[in-house]
Structure formats: structure tokens, C-alpha cells
There are 2 protein chains.
Amino acid sequence: MDVVQILERSVLFTRIQPGNVEDLLSCLKARTSTFPKDYTIIDEGEYTDEMGIILSGSANIVRHDFWGNRTVVANLGVADSFAETIACTQLPSEVVVITCEPTIVLFLNIHQVITTCRKGCVHHQSLIENIVKLLSQKNLELMKKMNHITKRSTREKLLSYLSEEAKKRKSRTFSIPFDRQQLADYLCVERSAMSSELSKMRSEGLLEYQKSTFTLYEEE
Amino acid sequence: MDVVQILERSVLFTRIQPGNVEDLLSCLKARTSTFPKDYTIIDEGEYTDEMGIILSGSANIVRHDFWGNRTVVANLGVADSFAETIACTQLPSEVVVITCEPTIVLFLNIHQVITTCRKGCVHHQSLIENIVKLLSQKNLELMKKMNHITKRSTREKLLSYLSEEAKKRKSRTFSIPFDRQQLADYLCVERSAMSSELSKMRSEGLLEYQKSTFTLYEEE
DNA sequence: TTTATTATGTTGTTTTTACAACAGGAAAGG
DNA sequence: CCTTTCCTGTTGTAAAAACAACATAATAAA
């Protein structure tokens, strides 16, 4: 397994020359751990100073509510990172990170990541920029989604999402990266109800579509 | 107006001695600007390298959709910051920041904030930790809210929120910081529908409440 | 204390959504 | 080519939510 090659694909090591990764890792108190299948890497209520990056295998992020109901929040694959937020905030984890299969994780001390080393190495500076960018990107994604799903009706959610896509592409005609089921899941509505709402909107002349290509029309 | 005193209340300057703020500000290429009422500080599609902190006055963060409908996303008061995410990501703004009254803003170059200065001053290091913590906190808040509002029914949203509060306080009896209308807004449901759902849940023995104090019961 | 004002709960009606079941069409695989 | 599978749209029904209107309780103000 070529650690450096995997890290190149992670957000944290963006624009850091592969040749410098080795040096950086010791600076970051990096350590790798191997976990068996179904192993709980981080449990609810736990604190940590380390963020993790998956080197091989996969893991789920899982929430439990008061009654013990499980929800899978996300699935992590190779080069994905986790635990940045709890490491940065020093707050207890509200989720469980549990392996789906035998998994190898690279842990990095978050304090080392956000502290420029005494040598003042330039790559370390890139790390800081990358982690700030990583957190900001997550933020923007969440806010964007929030703006759609806080709408009360299926129609409003659709218009919110579709109009944002139209704005993004600067065109009233555009394609979306979802099929109907994925779009319904993203907007937290029911697929068939969404489908019929779409037809209704089409019959009202609000929009037109074929497959995943939509065209919006101005209101008169 | 005592800038230092205001900044003490901001997240970015947490745990930075007031005596050092003056020095830091020049390091951060700080500049203040005064804006009249209804002035657009940042418009949609604009890029910026600076984050802002309100020194006096107030501003709204506003979104416009494809059809021009306005939504007020948030209201900013004294010591609140804005534009961190777009400055960090170097992505164009998707919102408008517009003053509600005559407003004074302190702008800080984000690159200077996340870059340790040559003098390697320790306070600068605190800044980096603070902005990382600020971004992380926002992240956690958003994820927490997302977990509640992605639930399909009013009942599920209530249970999701209330059970999290119960877990947080480590007690089946706890108070929430919202009145009914605020709770409904937070969970994106209708107040009276939520009220009647609460009574229904009480009659089913799921929970008990008086005012904003709730007690959850285990399912049998 | 009395009066406003606000917060909360209740009920009935209308609208919207969820759900289930199915039909037609497109894509994939043999 | 034919089958199989998946994706999408349609419809009817049951369930849930929104809405409006009002009752009552709690709080603040006069």
C-alpha cells in the first residue's frame, strides 16, 4: 500500500508535493492502526485530538437516538477523512465511527496540523490552508442543502434546488447529477410524490424536462 | 467605539489578550469601512479575500432564487463575523450581505489570518485555532439541525430533537431554549400542528412536558 | 388589580404528502 | 433479438400536515 499515493487524493494533502509527505507525517505525529470488521473506532461521547484518514477499507458514521434507533449518516471510503470537527472543537463525538470491513486508518494529531512547526516548513502552511478549506467546503455544502430542505412543500424544495442549479450554470437549461430517487432523497421527499409534482409543474408551464435535463421558465 | 473591547466578544479573538489585539490588527491588514443603510457589502457572485466583523450596526444575509424571491438567512449583530467561508474557499458568494442601518465593519485579510506571520507571534497561532474552531462549530450546528429536519414527519423531528437534548443533558428531564414558535421554526414545521402532535405523544405516554421542560419515557 | 399581550393548546377543514400498486419506456445483458 | 431490470410517471387511497379560528393560560404592563 502506497500511503503517499493515497494521501494525494485526500483534501488535506492537496497541492503538497508527494516528496514532502513523508517528512510532514512525522511532524504530524502520524500513526496507522488496523481495525477488524465492525470495530468501533470512535464511540459516542468520546473526545479525540486526532483526525483520521482511511487508507484502506471503509467505515460508516452512525447516529443513535434516545431510543437506540440507528441512522447511517455517511459512508467513508479510501482517502476520506473523519473526526476533524470533534478534534477541532474538542467536543465529544455525537456519532459512532464503525468499520464495515478490515480497515487501516492514518491518524494525525490535529494540534500539529493547525500549528506551524518550528522549522516553519511551507508545506505545513499548506496543510492549514487545506484544512480550513475542507471545513469551509463542508459548511457551504451543508448550508446549500439546508436552504432547500427547510422549504415546506415538495414544490418549493424543487424550485429552490432547480433554480440554484440554473443560477450556477447561468442557463435556464441544465442537467442535474441525480436520478429521481437520488433527488428525492437529497430533498427529503417521496419519489413518486415528487414525480407527480414535477408533472404538475410542467403542465403549469413552470418548467420542462426530459430525464435529468431541466428548463425553467420565468413567471409572467 | 472601543474596537478591542468589541473584538473580545468575537469568536475569532477568543483567548487573545486585549493588549495584543492592536498589534495583530496591523498584521491582518485590518481596515474599517463605514456603510450607509441598505448598502450591499457583498453581492452575489463576488469573490473576496476578506472576512468581516461587525463593529457597530447590523446587516442581513439574504438569498435570491431564480425568480428573485428573497429569503433572509441570518441577521448579523455587533461582534458577528461573515464571509469566512467564501474567503476561505475562494468561491463566489451565493448570498448578499446588506446593511440594515449605518454599519461599521472591520475587514481582515483571510490569508493573513491563516498564515503565521514571519515574527511567529503566538497570538497569531491562536487566531488559526480560533478560525478552525469557528468553522468546526458552525459545521456541527448545521449537521445537528440537518439530522432533525431530514426526518419526514413532525413526530420524528420532535423525537430526534428531544432525544438529542435528553442525551446532551444526560437526563430524561430537561429544558429547551425555545418557545413553541421557535421550536417549530427550528424544526421547519407548523406550530399548531406541532402542538397537537405533542399532545398526542403525551397521551400515548411517550413523554411529558410543562412549558419548555420535557421528560421522555422509554418505549416498552 | 385589571387589562393587554403573548404563548400555548384544541378542533375542524382543506391541502398536501406518503404509500402502494402498476404501466410504459429505456437500458443492460444475454 | 428477446428478456430482464431499472427508472420514471401515474393514479387512488390513507395519512399527515397546513391552515384558520378560537379557547385558555401565562405574562407583562398599566
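Protein chains get the first letters and strands the later ones, always in sequence-line order, with residue 1 at the start of each. Given the structure is predicted, the values throughout are model-derived calculations rather than measurements.
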Enquirer: Taking CE from M201(A) and P from dT16(C), how many angstroms apart are they, rounded to a whole number?
Expert: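 Checked: the CE to P distance equals 13 Å.
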Enquirer: Would you mind reading off the distance between F214(A) atom CZ and dG9(D) atom C1', rounded to a whole angstrom?
Expert: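 These atoms are roughly 13 Å apart.
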Enquirer: Tell me which residues in residues 148-155 of chain B put a heavy atom below 4.0 Å from DNA chain D, sorted by number, or none.
Expert: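 When residues 148-155 of chain B is checked for heavy atoms under 4.0 Å from DNA chain D, the hits, listed by number, are S153(B), T154(B).
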Enquirer: Any Lys/Arg nitrogen of E164(A) or K168(A) sitting under 4.0 Å from an Asp/Glu carboxylate oxygen of the other?
Expert: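 No salt bridge links E164(A) with K168(A).
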Enquirer: Starting at atom CD of Q181(B), determine the distance to atom C1' of dG9(C), rounded to an integer number of angstrom.
Expert: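 That distance rounds to 14 Å.
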Enquirer: How many Å lie between CE on M194(A) and C1' on dA20(C), as a whole number?
Expert: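 Nearest whole value for this atom pair: 17 Å.
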Enquirer: With respect to L187(B), which candidate in H148(B), E156(B), K145(B) satisfies the side-chain contact (heavy atoms from CB on, under 4.5 Å) definition?
Expert: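 So, applying the side-chain contact (heavy atoms from CB on, under 4.5 Å) to L187(B) and each of H148(B), E156(B), K145(B), only H148(B) qualifies.
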Enquirer: From CG of D185(B) over to C1' of dT8(C), roughly how many Å is that when rounded to an integer?
Expert: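 From D185(B) CG to dT8(C) C1': 15 Å.
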Enquirer: What pairs of residues pass the side chain to side chain donor-acceptor pair (under 3.5 Å) test when at least one of them lies in residues 39-48 of chain B, not counting sequence neighbours?
Expert: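 The answer is K167(A)-E44(B).
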Enquirer: Could you walk me through whether E129(B) and R15(B) satisfy the salt bridge (charged side-chain N to carboxylate O under 4.0 Å, His left out) test, starting with their C-alpha distance in whole Å, then the side-chain angles of each, then the deciding distance to 0.1 Å, before giving a yes or no?
Expert: CA-CA 10 Å; E129(B) 285 167 32; R15(B) 267 179 299 156; 5.5 Å; no
Enquirer: Among pairs that include at least one residue of residues 130-139 of chain B, which meet side chain to side chain donor-acceptor pair (under 3.5 Å), considering only residues two or more places apart or in two chains?
Expert: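 For residues 130-139 of chain B: E84(B)-K138(B).
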Enquirer: Under 3.5 Å, which protein N or O atoms sit close to an N or O of nucleotides 10-14 of chain D? Give each pair with its distance.
Expert:
{"from": "dT10(D)", "atom 1": "OP2", "to": "S199(A)", "atom 2": "OG", "distance (Å)": "2.4"}

Enquirer: Just the rounded figure in Å: distance from P of dG9(C) to CG of L158(B).
Expert: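 To the nearest whole Å, that distance equals 11 Å.
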Enquirer: Does dA27(C) have OP1 or OP2 under 4.0 Å away from a side-chain N or O of K211(A)?
Expert: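 Result: yes.
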Enquirer: Kindly indicate whether the side chain of S81(B), heavy atoms from C-beta on, has any atom under 4.5 Å from the side chain of L134(B).
Expert: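 When only atoms from C-beta onward are counted, L134(B) and S81(B) do touch, with a gap below 4.5 Å.
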Enquirer: Are side-chain heavy atoms of L25(B) and L7(B) found at a separation under 4.5 Å?
Expert: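 In short, these two side chains touch, coming nearer than 4.5 Å.
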Enquirer: Taking the side chain as every heavy atom from C-beta outward, state whether F174(B) and T215(B) have any pair of such atoms under 4.5 Å apart.
Expert: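 A side-chain contact is absent here, since even the closest heavy-atom pair is not under 4.5 Å.
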Enquirer: Just checking, is any N or O donor in the side chain of T103(A) or E101(A) under 3.5 Å from an acceptor N or O on the other one?
Expert: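 Side chains of T103(A) and E101(A): no pair found under 3.5 Å.
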Enquirer: Keeping R169(B) on the side-chain end and S175(B) on the backbone end, is there a donor-acceptor pair under 3.5 Å?
Expert: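 Present.
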Enquirer: Is there a side-chain contact between Y161(B) and F214(B) in this structure, where contact means two heavy atoms from C-beta onward sitting under 4.5 Å apart?
Expert: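 With C-beta onward as the side chain, the pair stays apart.
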Enquirer: Is there a side-chain contact between L198(B) and R180(B) in this structure, where contact means two heavy atoms from C-beta onward sitting under 4.5 Å apart?
Expert: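 Yes, their side chains come closer than 4.5 Å.
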Enquirer: Where do N or O atoms of nucleotides 5-7 of chain C meet protein N or O atoms at under 3.5 Å, pair by pair?
Expert:
none

Enquirer: Could you check how far CD of E156(B) sits from C1' of dA17(D), rounded to whole Å?
Expert: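 Taking CD of E156(B) and C1' of dA17(D), I get 14 Å after rounding.
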Enquirer: Should M143(A) and R63(B) count as side-chain neighbours, where that means a heavy-atom distance under 4.5 Å?
Expert: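 Answer no - side chains too far apart.
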Enquirer: Specify the angle, to 10°, made by the local axes at the two ends of the helix from dT1(C)-dA30(D) to dG30(C)-dC1(D) when five pairs are taken at each end.
Expert: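 The angle, to the nearest 10 degrees, is 50°.
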Enquirer: Starting from C1' on dA18(C), measure out to CD on E190(A) and report it in whole angstrom.
Expert: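 Spelled out: CD on E190(A) to C1' on dA18(C) is 5 Å.
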Enquirer: Does the distance from a Lys or Arg side-chain N to an Asp or Glu carboxylate O, for R155(B) and E204(B), drop under 4.0 Å?
Expert: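 A salt bridge is present here (some side-chain N lies under 4.0 Å from a carboxylate O).
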